[in-house]
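Just below is one structure, and these are the notes that go with it.
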Amino acid sequence: MLDRNVFTWNSIISAHIHNRDITKARHFFDSAPFKDSVTYNTMISAYANTSSLELEGVKVFSSMQDTGTPFDDFTLTTMLNLTAKLLVLSYGKQLHSYMVKTANDSNSFTVSSLIDMYSKCGTFDDALRVFKGSSGLMDLVSKNAMVAACCREGDMDMASELFWRFSELNDTVSWNTLISGYAQNGCLGKALELFVLMGEIGMRWNEHTFTSVLSACSSLKSQKHGREVHAWILKNGLCLNPYISSGIVDMYCKCDNIEYAELVNASTGTENVFSVSSLIVGHSSRGDMVEARRLFDSLKEKNSVVWTALFSGYVRLRNCDAVFELFLDFNTNETQVPDALILINVLGGCAIQAALHPGKQIHTYMVRMGIKLDERLRSSLADMYAKCGEIEYAERIFKRAPCRDRVMYNSMIAGYAHHGYENKAIRLFEEMLERSITPDAITFIALLSACRHAGLVELGYKYFASMKQDYGILPEIDHYSCMVDLYGRTNCLDKAVELMKEIPVKRDAVIWGTFLNACMTNESMELAREAEESLLRIEADNGARYVQLANVYAAEGNWREMCRIRGKMRGGEVRKLAGCSWRWIMKLAKDQLLMQILEGVHHFCHMPNHKMNVVHVVQSQWFSTMKKEYLKFSAPWSGRHGKFYQTVAMLQFYEKCAIRLVQSSPESQNGLPTRINGDFIEDGKEDALLNDFSQHLRDRMMAVPNPE
DNA sequence: TTAGGGTTAG
C-alpha cells in the first residue's frame, strides 16, 4: 500500500486482533509511524479481552498518557471494563473522577460501564448511585447492567422490580440476566418459571439461557427437568457448545446419574475441564476416588478448581493421608500459590486428623506467602485449631478477625462446646444475635452440643424450641440426637422416649445409638431391647453396634443377653474394626519419648487406688512438657512421615478421651461432671502423684532391655 | 479503525 495513514495502520492492527493474533497486532502497533487514540484504544481493548494479558493493557494505557495521546469515551469505557476484570476499585475510582472532571461521564456507554465496574468491584451502592443519577442517559444495556448488579448483590426483589419496569423493552440479555440471577441466588423454581415464560412470550432461548437453566436443574437435583432441557438442546443441535455440554454433565452428576454424565462427556469428543471437575465430584461423592483420581490425572491442564475437587473428595471420605500427599503433589507440580479453597480443604484434613503440627505449618505457610485471610480462611483456621485441641489459638484468630460471619461464629461456638466451655459458647451465641447475625442449623447443633455437655436441660430445650419458632429452622436428625443425649444424661429418659416418637424424619443409626446409651445410663433394659432391634435393622453390618449392645447387657450383669448379642455377631459374621489397645499403641510408638508418654497415661489409668484418670495425666504439666518435647524432636512434617501424624493424632485423641472420661466419671452427677475441668486429685497431692509416676516410669524403662 | 449488559465446574 503506497498511501499508508493512521486509518490503514489502525485497520491492520484491528485485523490481526480479529484473527486472534495478538502478537502480530502488537508488532504492528509498535512499528506504526502514526498513532492516535483509536490505535491505543484498539490495543487496550485487545489486551482487556485476552486472559492473562490484562496488565499489558494497563501498560499501554500508561504509555498513552506518556505520549500525550488524548483519551476519549472509548478509552474510558475500555479501561473501566479492564478495571472490572482486574477488580481494582482504586483504578475505577480514578477513571470515574477523571470522567467527571472532563465531563466524559454522560453517555449511555460510560453509564453502563461504570455500573458494571462498581458492581464487579463489590461496591453495589456506588453502582446504584450512578444508576440513579443518570436517568436521562439510561438505555437497555445500562438497565441490564443494573439488574445484573442487583443479582450479584443478592437483592432479587430490586432486580425483579427493575426488570419488569418498561418490560416491553427487555431483550434476550435482560431475560438471561434475571434467570441466571434467580439460579445463582437459590430461587430455582423462579428461574425455571421465568425460563418457561420467556418461551411463552416468544423470546428466543439461547446458549446463555440454557446454561443458567441447567445450573438451576443441577441445584434442584431435578433430573426430570434436566432431561427435558437436555432433549430440547439435542433437538436444536446445541449440545457441542462447551458451556452447555458441561452444564448437562454437571446436571447428571448432581442428579447422581453418573453414567449419563460420562456418556455426554464422551460424546463431545473434546477435553472440557468443567465437565471433568463435575465428574470428579460425582465420582468422589459416590466414594469412588480411584475413578476421580484417574480423571484428574487424565487432564492435560489442571486449574485450581480441579485440584479442589479432588482435595474435597479425599476430605469427604476422611482420607487425610491422601489430602496431605496431594498437597505435596500440588506444591511439586504447580507454580501457583494454592488458593483459599485448596487451603480450606487441607486445613479440613488437619482438623479431621487432629493433626496440629501440619495445621500449624499450613498456617505458617500462609503467613509466609502473604496469603490474604478472608472470612472463610479464618473460620477454617479457627476450626482447625479448635479441633486440634488448641482452643486458645482458635480464640485468638476469632478475636483478631476484622469481621465475623456466621460460619466463624459457628466454628467458635462448636469449639467452645467441645472444649467444655459452655458458658463461653452460650455467650458467643448471644453476641452473635446482638450483632444481628442470623443463626443457622449448624449454630444450633453447636449450641445444643454445649448444653448437652453441661447438662443444661431447660436451656437446651429453650434453644431447641426457638430454632423453629424464632428462626424457622426445622430440626434435623442431629438436633434430635443432641436432645436425646441431653435428656439421657440428665435422667429424663421419659422425655427422650417422647422425643424419639415425635421425630418426623427417618431415625438413623446415630440417634438409635444415642438413645441406647440413654437407656443404659438410665438402666432401662426393656427400652434398650427395643432400641437394639431398630439399631440392628439399620446397621446390621456395623460390628461396633453389636459391641455397644453387648456392653449394655454386660453392664448389668445380664450375661445371657450379652451372649445372645455376641452370638448374633458371630452368626452374621460381623466384625468390629479393632480398637487401639494400649499394647498395640505401644508397639506402634517405637520412639522412647512417645513410649514414655503413653506408658504414663496407661499407668495412671490403671492405678486402682489413685483418684487419677487419663484426664489428669493429659491435663498435667508433665504431659504437656512431654508432648512439647516429642513434637520438638519429631521429624518435620512431610509426606514420608505418616507415622508422625498417627502419633500426633493419638496424643490429640487422648485429650478428647479425657474430656469424655470426665463426663462419665463416677464422681459426676447424673452422668455429667460436677466441673468440666474437675479436680479429682486431692489438693496439694499433684506433685506427689507425678513424682510417683516418674519413679514408676524410670523403673519401667530400666526393666526394658535397650533395643540397640 | 476502537467501547458497554447475560452463561458452566471446586
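Values below: every heavy atom of this structure, side chains too, minus hydrogens, waters and symmetry copies. Below, read A as the first sequence line, B as the second, and so on, with proteins coming before strands; counting in each chain starts at 1.
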Inset, instruction - Write out all pairs satisfying salt bridge (Lys or Arg N to Asp or Glu O under 4.0 Å) with one or both partners inside residues 221-237 of chain A, taking only residues at least two apart or from two chains. - result: A/Lys224-A/Glu228
Inset, instruction - Check every atom of B/dG10, B/dT7, B/dA9 against the side chain of A/Ala309 and return the nucleotide holding the closest atom. - result: B/dG10
Legend entry - Residue pairs involving residues 125-162 of chain A (criterion ring-ring contact (aromatic ring centres under 6.0 Å, His included); sequence neighbours excluded): none
Legend entry - Which residues share a side-chain hydrogen bond (donor to acceptor under 3.5 Å, both in side chains) with A/Asp30, sequence neighbours left out: A/Arg26
Inset, instruction - Have a look at A/Thr177 and say if it touches a base, only the backbone sugar-phosphate, or nothing, with a 4.0 Å heavy-atom cut-off. - result: sugar-phosphate
Inset, instruction - Give A/Asn303 one of three labels, base, sugar-phosphate or nothing, depending on what nucleic acid heavy atoms sit under 4.0 Å from its own. - result: base
Inset, instruction - Check every strand shown and say whether A/Arg152 touches a base, only sugar-phosphate, or nothing at a heavy-atom separation below 4.0 Å. - result: sugar-phosphate
Legend entry - Sequence neighbours excluded, every pair satisfying salt bridge (Lys or Arg N to Asp or Glu O under 4.0 Å) that has a member inside residues 327-337 of chain A: A/Arg293-A/Asp329
Legend entry - All side-chain contact (heavy atoms from CB on, under 4.5 Å) counterparts of A/Ser37, not counting sequence neighbours: A/Asn41, A/Met64, A/Thr69, A/Pro70, A/Asp72
Inset, instruction - Pick base, sugar-phosphate or nothing for A/Ser246, based on heavy-atom distances below 4.0 Å to the nucleic acid. - result: base
Inset, instruction - Taking side-chain hydrogen bond (donor to acceptor under 3.5 Å, both in side chains) as the test, write out the residues that go with A/Asn265, two or more places apart. - result: none
Inset, instruction - Using only heavy-atom distances, decide whether a donor-acceptor pair under 3.5 angstrom links the side-chain of A/Thr308 to the base of B/dG10. - result: yes
Inset, instruction - Just call it for A/Ser142: base, sugar-phosphate, or nothing, with non-hydrogen atoms closer than 4.0 Å on any strand. - result: base
Inset, instruction - Name the nucleic acid region contacted by A/Thr209, choosing base, sugar-phosphate or nothing; use a 4.0 angstrom heavy-atom cut-off, strictly under. - result: nothing
Inset, instruction - Indicate, with yes or no, if the rings of A/His208 and A/Tyr243 have centres closer together than 6.0 Å. - result: no
Inset, instruction - Respond yes when some side-chain nitrogen or oxygen of A/Lys254 is under 4.0 Å from OP1 or OP2 of B/dG10, and no when none is. - result: yes
Legend entry - Near-strand residues of residues 329-344 of chain A, defined as heavy-atom separation under 4.0 angstrom from DNA chain B: A/Asp339, A/Leu341
Legend entry - Centroid under 5.5 Å and tilt under 30°, A/Phe311 to B/dG10: no
Inset, instruction - Tell me what A/Asp36 touches on the nucleic acid: a base, only sugar-phosphate, or nothing, going by heavy atoms under 4.0 Å. - result: nothing
Legend entry - Contact under 4.0 Å: A/Asn41 side-chain N or O vs B/dA3 OP1/OP2: no
Inset, instruction - Verify whether the ring centers belonging to A/Phe296 and A/Trp307 lie closer than 6.0 Å. - result: yes
Inset, instruction - Name the nucleic acid region contacted by A/Lys302, choosing base, sugar-phosphate or nothing; use a 4.0 angstrom heavy-atom cut-off, strictly under. - result: nothing
Inset, instruction - Decide yes or no for A/Cys150 and A/Met156: does some side-chain heavy atom of the first lie under 4.5 Å from some side-chain heavy atom of the second? - result: no
Inset, instruction - Evaluate side chain to side chain donor-acceptor pair (under 3.5 Å) for A/Thr67 paired with A/Tyr40, printing each intermediate quantity in order. - result: CA-CA 11 Å; A/Thr67 53; A/Tyr40 282 96; 3.2 Å; yes
Inset, instruction - Return each pair, listed once, that meets ring-ring contact (aromatic ring centres under 6.0 Å, His included) where at least one residue sits in residues 95-126 of chain A; pairs must be two or more places apart or across chains. - result: A/Phe71-A/Tyr98, A/His96-A/Tyr118
Inset, instruction - Round to the nearest Å and state the distance from A/Ile115 atom CD1 to B/dA3 atom P. - result: 20 Å
Inset, instruction - Assign A/Val38 to base, sugar-phosphate, or nothing according to its heavy-atom contacts below 4.0 angstrom with the strands shown. - result: base
Inset, instruction - Answer with base, sugar-phosphate or nothing: what part of the nucleic acid does A/Lys120 contact at a heavy-atom distance below 4.0 Å? - result: sugar-phosphate
Inset, instruction - Examine B/dA9: is either OP1 or OP2 under 4.0 Å from a nitrogen or oxygen in the side chain of A/Ser275? Give yes or no. - result: no
Inset, instruction - Only counting residues at least two apart or in another chain, list the ones meeting side-chain hydrogen bond (donor to acceptor under 3.5 Å, both in side chains) with A/Asp21. - result: none
Inset, instruction - Residues of residues 233-243 of chain A with any non-hydrogen atom less than 4.0 angstrom from an atom of DNA chain B: list those, numerically ordered, please. - result: A/Pro242, A/Tyr243
Inset, instruction - Hey, could you give me each pair passing salt bridge (Lys or Arg N to Asp or Glu O under 4.0 Å) that has a residue in residues 85-102 of chain A? Not counting sequence neighbours. - result: A/Glu54-A/Lys85
Inset, instruction - Return the residues of residues 64-78 of chain A meeting this criterion: a heavy atom under 4.0 Å from some atom of DNA chain B. Order them by number, or give none. - result: A/Asp73, A/Phe74, A/Thr77, A/Thr78
Inset, instruction - Have a look at A/Asp171 and say if it touches a base, only the backbone sugar-phosphate, or nothing, with a 4.0 Å heavy-atom cut-off. - result: base
Inset, instruction - Quick one: label A/Ser108 by what it contacts on the DNA or RNA (base, sugar-phosphate, nothing), any heavy atom closer than 4.0 Å. - result: base
